[in-house]
Every structure is written in structure tokens, then in C-alpha cells.
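One structure below.
All values below come from the heavy atoms of this structure, side chains included, with hydrogens, waters and symmetry mates left out. Both counts, for ligands and for their atoms, begin at 1 and track the order of listing.
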Amino acid sequence: MSLRIAVAQISSESNHFVTGLAGPDFFRTTGYLLEGSEVLGLSRSDTEVGGFLSILQSEEQVEVVPLVAARANSGKPLSAECYRSLKRRLLEGLCRNLPVQGVLVSCHGSMGVQDLDDPEGDLVGALRKIVGPRVPLALTLDLHGNLTQAMVQSSDILVGYHTYPHRDAFQTGQCAARLLLQAATGRSRPAMALARLPLILTSFNASTEGDGPFSRLRRQADRMEQTRREVLSASVFNVGAYIDVPEMGCSSLVVTEGDEALAGELARRLALQHWGERDAYRVETLSVADAVERGRRIQGGPILLLDTADTTGGGAAGDSIALVRSLVELRVEEPCLAMVVDPDTVADCWHREPGSRFPVEVGHRLDPQWGKPLEVEAVLRRKSEGCFRYRGGILGGTEVSMGRSLVLQSGSLQLLVMSRPTYEWADEQYRSMGLEPRQAKFVCVKNMMNFRVGYGGIMKAFFVVAVPGPTPADMGMLPFRHIRRPVYPLDAMPETVEPEMTLRPYPGA
Ligand SMILES: [Zn+2]
């Protein structure tokens with residue numbers, strides 16, 4: 001008898017501190033929106049869905065039931081209309097294809113929706129209602145996903161990325177698909193436990209590479225997976241997410257073979273380690289003047305100036321010009337590269353010829369709450385349609401577009417002006433426009449993690465600069481309104497806390 005397994009993805013990371021809402025075209029224009037058999041086109045991708053399909057399609061008795069795959073850039077919360085339209089496509093697709101013997105879904109975990117605190121919980125709850133309590137449902141999540149009680153209560157298996165920088169979307173999909181098939185064929189009875197903390201942490205010092213606090217935590221989870229036969233999966237989630245909802249915090253989630261009490265004990269142990277090291281996640285920030293001064297004391301370049309507060313991978317618009325303004329005011333004469341998203345300036349300048357000089361206003365068009373445009377005299381150096389291919393990361397190998405783009409030169413500064421934000425990874429955007437980071441003394445990077453890989457071989461040093469924006473390295477800079485208090489680091493907290501536990505026995509419902 002064949003096993004029919006439904007496959008779906010609705011994945012975006014949102015930022016509640018940026019202006020506006022993402023409309024119905026958001027997924028199609030910034031990522032992809034595939035339906036039915038189109039979803040199978042992801043089988044050659046590095047995505048979670050690629051991982052699902054690689055396992056399912058290698059099993060003779062499995063029939064893949066592709067529903068919807070929607071992935072978007074990090075960005076604004078979704079409008080109610082955008083979310084409902086995706087949800088409707090997903091649920092209608094499932095209803096048309098019943099019965100299924102299992103459901104695999106890829107989500108981020110920190111998606112925001114206009115009038116909903118927990119969209120992923122809402123989504124899996126709706127899927128559960130349709131398939132009933134006994135059809136296994138597995139959910140994959142980003143390591144920055146915010147886990148909720150509803151997500152745990154409505155699913156059987158939750159698996160998060162193990163790596164940051166993210167390199168294992170595909171493997172995460174594979175792991176969830178293997179566990180789901182075991183449950184769907186009665187070879188496994190997964191039980192789960194979630195331990196959540198009143199803790200929100202910036203991602204900057206939360207790499208799983210090297211020997212930082214999050215790397216140590218991940219290694220502890222790895223040991224549980226490797227040394228305890230009953231442990232099917234152990235995930236740790238570092239919620240430095242920029243969503244503002246009541247039920248939010250870093251968490252640990254363990255899936256065991258039929259033993260929710262053991263899952264709870266292990267998840268709690270991971271959570272307490274996370275809490276115990278909370279101070280190790282703090283980040284040193286410098287004024288631009290101090291960062292430039294310290295960079296000048298280092299021979300050669302590039303020195304990275306990190307505008308972490310405008311990280312497009314965290315949902316920011318990428319339109320901040322604050323760092324460039326400081327470089328101009330400081331009259332920095334060394335070669336500098338910087339980038340900014342500003343569709344208005346691109347449109348205004350598009351008719352001009354390379355080599356022409358003109359005054360221009362640039363920056364803070366999309367999310368004006370964080371600053372004002374900068375006026376400079378610039379020379380147009382290059383124009384392009386803005387397509388490039390990622391060489392690594394969760395979008396490795398895919399071709400994307402930053403829209404029509406320009407290079408403007410002002411003094412020693414070359415400024416890449418793009419029409420659309422793209423998920424950052426390394427220096428692909430600069431290189432696609434003929435800009436070479438190795439030849440610059442200072443390179444401005446709107447990123448808080450991937451630069452370590454992308455520029456790892458060439459950077460001489462990096463400094464986090466203190467400029468305003470919706471993805472700062474210090475969570476205390478953000479105007480949270482809805483998150484449950486007290487929470488670290490916004491409030492004074494006791495030395496020890498007890499994580500909030502949610503247990504899900506098999507089959508749970
Ligand atoms: Zn992430």
C-alpha cells in the first residue's frame with residue numbers, strides 16, 4: 001500500500017518594528033509561491049522542501065502530495081489578506097487530496113501576521129483539524145523560530161535548524177521527513193516537550209560555529225541526540241526575533257521515542273544552560289568615529305563596519321543611510337563600499353549616463369522612522385538590472401534580483417543603490433556590480449552573522465556600529481509593547497528561572 005505524504009511550506013521571518021504590512025504579492029515578488037506539482041521543482045534546491053523530497057522520493061511506497069510552497073524574504077509582517085490567501089491555498093489543497101498518511105510542513109517560526117499572535121500555531125492547528133489526531137504532522141523551523149504551545153500541541157514532530165549561519169535547511173527537511181515516515185509506518189511513537197524561557201537574545205554572538213555560548217548549547221543538544229537512543233531530535237531556538245507578541249522567548253525542544261517526561265527533562269536541562277549563559281550574548285557596539293579610528297590602526301583592509309540594525313535578513317528595509325552619513329561627515333578618505341535600498345533614487349537617476357555628476361538624496365525612503373535622507377554630490381558609475389546568484393547560505397545556487405541598481409561615487413565612497421532588499425549572505429551584491437571588497441579599506445555590511453562566512457577569508461577585522469534601526473544588536477533598543485514581562489534583557493530578572501514547559505505525549509490530541 002502506498003503512503004500519501006503531503007508536503008507544504010509557508011515560511012517568512014517578520015519584523016514588527018518596520019513600517020507597513022506585506023501584501024498578497026510579497027511571496028511571489030521576494031521569494032517563491034508554488035502550488036501543486038510546481039512544488040516538486042524544489043527537489044534540486046537546498047531548501048527544507050528539497051530535503052523532504054529527497055527522502056520521500058527515494059521511498060518506493062511513498063506518494064508525494066505537493067500542496068503549496070511559499071517562501072519570502074524577511075520583512076514586514078503579513079497583512080491579514082496575504083496570510084489568509086496562503087492559508088486558504090494550503091488547506092484547500094489538503095482537502096482536495098485527502099486522505100494522506102502524513103503531513104510535512106516547513107515554517108520559519110517567527111512569522112508575523114497583522115491580527116494574529118501565533119500564525120504558525122494557527123496554521124498547524126488548522127491542518128490538524130483536517131487530518132485528525134492520528135495522522136502524523138511534522139514541522140521544520142528556523143533556529144530563530146519562536147515556539148508556542150499551540151505549535152507543540154498540534155504537531156507530532158518539530159525539528160529546528162542546527163546551524164547558524166544556516167547551512168542545514170536541506171538536512172533539517174530530511175530529518176523531519178525520516179521521522180515522519182517512521183511515525184506514519186508505526187515504527188515510531190514520537191513524544192515532545194518544549195521548555196521556554198523569558199529570554200530574548202540578539203543573534204550576533206549566537207553562532208553555532210567556534211566556541212561561543214550558543215555553540216556550547218548546540219553541542220550539548222548534539223550529545224543528547226548521539227548518546228541517548230530514545231532521543232529522536234533535540235533543537236535549541238535562539239529567539240532574537242524581532243517580533244513583538246506575548247508568547248515569545250528562547251526555547252528548547254526535544255522529541256523522544258514515546259517518552260514526554262524524558263523529553264521534558266532534557267528540554268529543561270538545555271533551557272537552563274541557555275539561561276545560565278545569557279550575559280555571554282551581549283555585544284560591544286562603537287560609534288562610527290571610534291570604529292573608523294580603530295580600523296585605521298589595523299594594516300590593510302577590508303575592515304567591516306557592521307550596520308546590524310538594518311539587517312535585511314532580520315526583516316529591516318536595508319534603507320538606512322546613517323552609517324554612510326557618518327563616513328561622509330568624518331571625511332573618511334580611504335576607499336569605502338556601502339549599500340542602501342532606495343527604489344526612488346534608482347528610478348530618479350535611471351535616465352542618466354554613467355560618468356554624469358549630480359546632487360542626489362538617498363536613504364530612509366521605505367522605513368523613514370529611523371532617519372532622514374542624505375544629500376550628496378555623486379557621480380554615476382554603473383547601472384544594472386541587479387540580478388545575481390547566491391554562492392552559499394540557505395539560498396545557495398538560486399538566482400535573485402535586487403531590482404534595477406546603481407553605483408554612485410562620492411569622494412572615496414562607492415555606494416550601491418538597490419531597488420529591492422535581498423537576503424544578505426556574503427558580497428554577491430557588491431561583486432555583481434563590479435565592486436571588489438578586497439580593494440576597499442572599509443566595507444559597510446548590513447548583517448549580523450553571515451559576514452563571518454562570506455568575508456571570513458578576506459576581512460581584517462569587524463566592528464558593530466551603533467546606528468538606529470529595527471534589528472539592533474542590543475534588544476534593549478527596541479520599543480516592545482506586547483511581549484510578556486518581565487523578560488531578559490529588558491527587565492531585572494532573578495538569577496534562576498524555571499522554564500515554562502509544554503509536554504506533548506503520543507499521539508497527543
Ligand atoms: Zn534564522
Side-chain angles (χ1 to χ4, degrees), residues 9-18 30-31 46-49 51 70-77 105-112 119-120 139-148 151 158-173 175-176 199-209 212-215 217-218 221 235-243 245 248-253 274 281 283 306 308-316 318 390 392-396 398 421-426 445-454 470-473 475:
Q9 178 179 46
I10 293 184
S11 178
S12 174
E13 178 178 10
S14 304
N15 187 315
H16 275 126
F17 302 99
V18 300
T30 72
D46 293 339
T47 62
E48 296 90 329
V49 178
R71 190 180 200 294
N73 246 354
S74 307
K76 303 168 191 173
V105 190
S106 154
C107 289
H108 182 283
S110 291
M111 189 162 80
E120 283 95 346
L139 187 60
T140 65
L141 296 157
D142 189 283
L143 175 152
H144 301 110
N146 183 50
L147 274 82
T148 64
M151 286 157 71
L158 282 162
V159 185
Y161 294 168
H162 285 21
T163 61
Y164 183 48
H166 302 317
R167 302 173 189 270
D168 63 334
F170 183 84
Q171 289 79 4
T172 305
C175 173
L199 176 65
I200 52 174
L201 292 173
T202 172
S203 301
F204 193 83
N205 285 328
S207 173
T208 53
E209 296 172 11
F214 199 69
S215 178
L217 183 64
R218 185 55 248 173
S235 302
V236 281
F237 297 92
N238 199 67
V239 176
Y242 302 101
I243 51 171
V245 294
M248 181 172 158
C250 294
S251 65
S252 316
L253 185 134
H274 211 161
Y281 292 82
V283 181
L306 302 174
T308 58
D310 195 28
T311 296
T312 54
Y390 282 109
I394 53 178
L395 294 171
T398 60
T422 45
Y423 171 78
E424 23 66 15
W425 173 250
V445 175
K446 293 176 185 286
N447 180 280
M448 65 177 82
M449 179 55 65
N450 297 330
F451 72 89
R452 293 166 213 256
V453 182
T471 54
M475 299 300 278

Note, [X] side chain near [Y] side chain (heavy atom, < 4.5 Å):
X      : Y      : value
His166 : His144 : yes
Asn238 : His274 : yes
Arg71  : His108 : no

Tyr161 and its side chain to side chain contact (heavy atoms under 4.5 Å, CB included) partner, picked from Leu141, Thr172, Thr140: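 Among Leu141, Thr172, Thr140, the one that satisfies the side chain to side chain contact (heavy atoms under 4.5 Å, CB included) with Tyr161 is Thr172.
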Over-ring placement of Arg452 relative to Phe204, 6.0 Å and 45° cut-offs: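 Because its charged atom sits under 6.0 Å from the ring centre and within 45° of the axis, Arg452 does stack over Phe204.
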Residue-atom pairs from the protein, N, O or S only, that lie under 2.8 Å from the Zn ion (ligand 1):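 Only Asp142 OD1, Asp142 OD2, His144 ND1, His166 NE2 fall inside 2.8 Å of the Zn ion (ligand 1).
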From CG (Leu143) to OG (Ser203), nearest 0.5 Å: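 Output value for this atom pair is 8.0 Å.
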